[in-house]
Amino acid sequence: MVVQSALMVFCRVVILSVITGCSILGSGRYTVRVTELNHPLQLLQKLVVESLPRGHRTNSPNGREFMSKYYQVIKGSYKDAEDSVDRFYAHVAILGDRRPYVIEIKVLQEERVLQGESVGYERVGYSLRLAKELEKTIRLRLTKRREDLNIIDDFRAF
């Protein structure tokens with residue numbers, strides 16, 4: 001009896017691990033990473049917010065994850081898409097507890113669906129192309145920012 005219950009617990013843990021692992025690996029293919037960033041965290045946070053398409057919608061309480069406003073790409077430019085049928089948004093995370101930091105970029109696609117009598121949105125995929133475009137924008141801003149850095153960055157006497 002004890003062996004049977006232990007086996008059931010083990011099976012549940014294995015099944016949960018496989019399900020969780022698959023969901024993480026499935027979205028990892030569409031994640032773009034910018035690595036080896038030896039810049040101050042405050043600079044990276046400001047840079048990410050400035051780079052988000054159509055602006056910044058929300059961020060996490062720790063200030064390391066950022067979400068862009070909803071947008072569409074029409075003829076190569078970004079347009080607002082708050083109530084659109086098909087829309088994208090960027091999710092950018094700054095990883096690491098100290099330098100060098102890593103920035104992870106994902107662009108998610110949502111589609112409007114009917115949920116009973118109300119309308120909601122459901123994630124239908126990812127866009128690697130748009131994530132790479134955002135990566136290029138961040139890298140470009142990083143190279144431009146190097147010229148503006150002080151000799152002693154982040155120095156605050158008091």
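Computed from a predicted model, the values in this text were never measured in an experiment.
Side-chain contact check for Glu104 and Thr31: no donor-acceptor pair (N or O, by modelled atom type) lies under 3.5 Å.
Applying the salt bridge (charged side-chain N to carboxylate O under 4.0 Å, His left out) test to pairs two or more places apart or on separate chains, those with a residue in residues 72-86 are Arg54-Asp80. Pairs passing the salt bridge (charged side-chain N to carboxylate O under 4.0 Å, His left out) check and including a residue from residues 57-74, sequence neighbours excluded, do not occur. Residue pairs meeting the side-chain hydrogen bond (donor to acceptor under 3.5 Å, both in side chains) criterion with at least one member in residues 112-122, sequence neighbours excluded, do not occur. Sorted by first and then second residue, the pairs that involve residues 73-112 and meet ring pair (Phe, Tyr, Trp, His ring centres under 6.0 Å), not counting sequence neighbours, are Tyr70-Tyr89, Tyr71-Tyr78.
Nearest heavy-atom pair, Leu134 versus Pro53, reported as atom, atom and distance to 0.1 Å: CD1-CD, 4.0 Å. In terms of heavy atoms, Ile105 sits closest to Ile103 at CG1-CG2, 4.0 Å.
Taking CD1 of Ile138 as the reference point, atom CG of Leu44 lies at 9.0 Å (rounded to 0.5 Å).
A salt bridge between Arg123 and Glu110 is absent, with no side-chain N of the basic residue lying under 4.0 Å from a carboxylate O of the acidic one.
At least one side-chain heavy atom of Leu130 sits less than 4.5 Å from a side-chain heavy atom of Val73.
Every residue meeting the salt bridge (charged side-chain N to carboxylate O under 4.0 Å, His left out) condition with Arg139, not counting sequence neighbours, appears here in chain and number order: Glu135. Listed by chain and number, the residues in a salt bridge (charged side-chain N to carboxylate O under 4.0 Å, His left out) with Arg98 amount to none (sequence neighbours excluded). Here Gln45 pairs with Leu41, Gln42, Phe66, Ile94 under the side chain to side chain contact (heavy atoms under 4.5 Å, CB included) rule; sequence neighbours left out. Remark: Leu128 pairs with Tyr30, Val32, Lys132 by the side chain to side chain contact (heavy atoms under 4.5 Å, CB included) rule, at least two apart or across chains. Lys136 meets the side chain to side chain contact (heavy atoms under 4.5 Å, CB included) test with no other residue; sequence neighbours excluded. For Ser51, the side-chain hydrogen bond (donor to acceptor under 3.5 Å, both in side chains) partners two or more places apart in sequence, or in a different chain, are Arg141. In this view, Pro100 and Glu36, Asn38 satisfy the side chain to side chain contact (heavy atoms under 4.5 Å, CB included) rule, not counting sequence neighbours.
In this structure, Leu114 shares a hydrophobic cluster with Val119, the cluster being traced through Ile, Leu, Val, Met, Phe, Trp and Tyr side chains under 4.5 angstrom apart.
Taking hydrophobic clusters as Ile, Leu, Val, Met, Phe, Trp and Tyr residues chained together by side-chain heavy-atom distances below 4.5 Å, Leu108 shares a cluster with Met67.
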Inset, instruction - Quick one: do Gln109 and Ser127 satisfy side chain to side chain contact (heavy atoms under 4.5 Å, CB included)? Show the steps, please. - result: CA-CA 7 Å; Gln109 182 179 8; Ser127 175; 5.9 Å; no
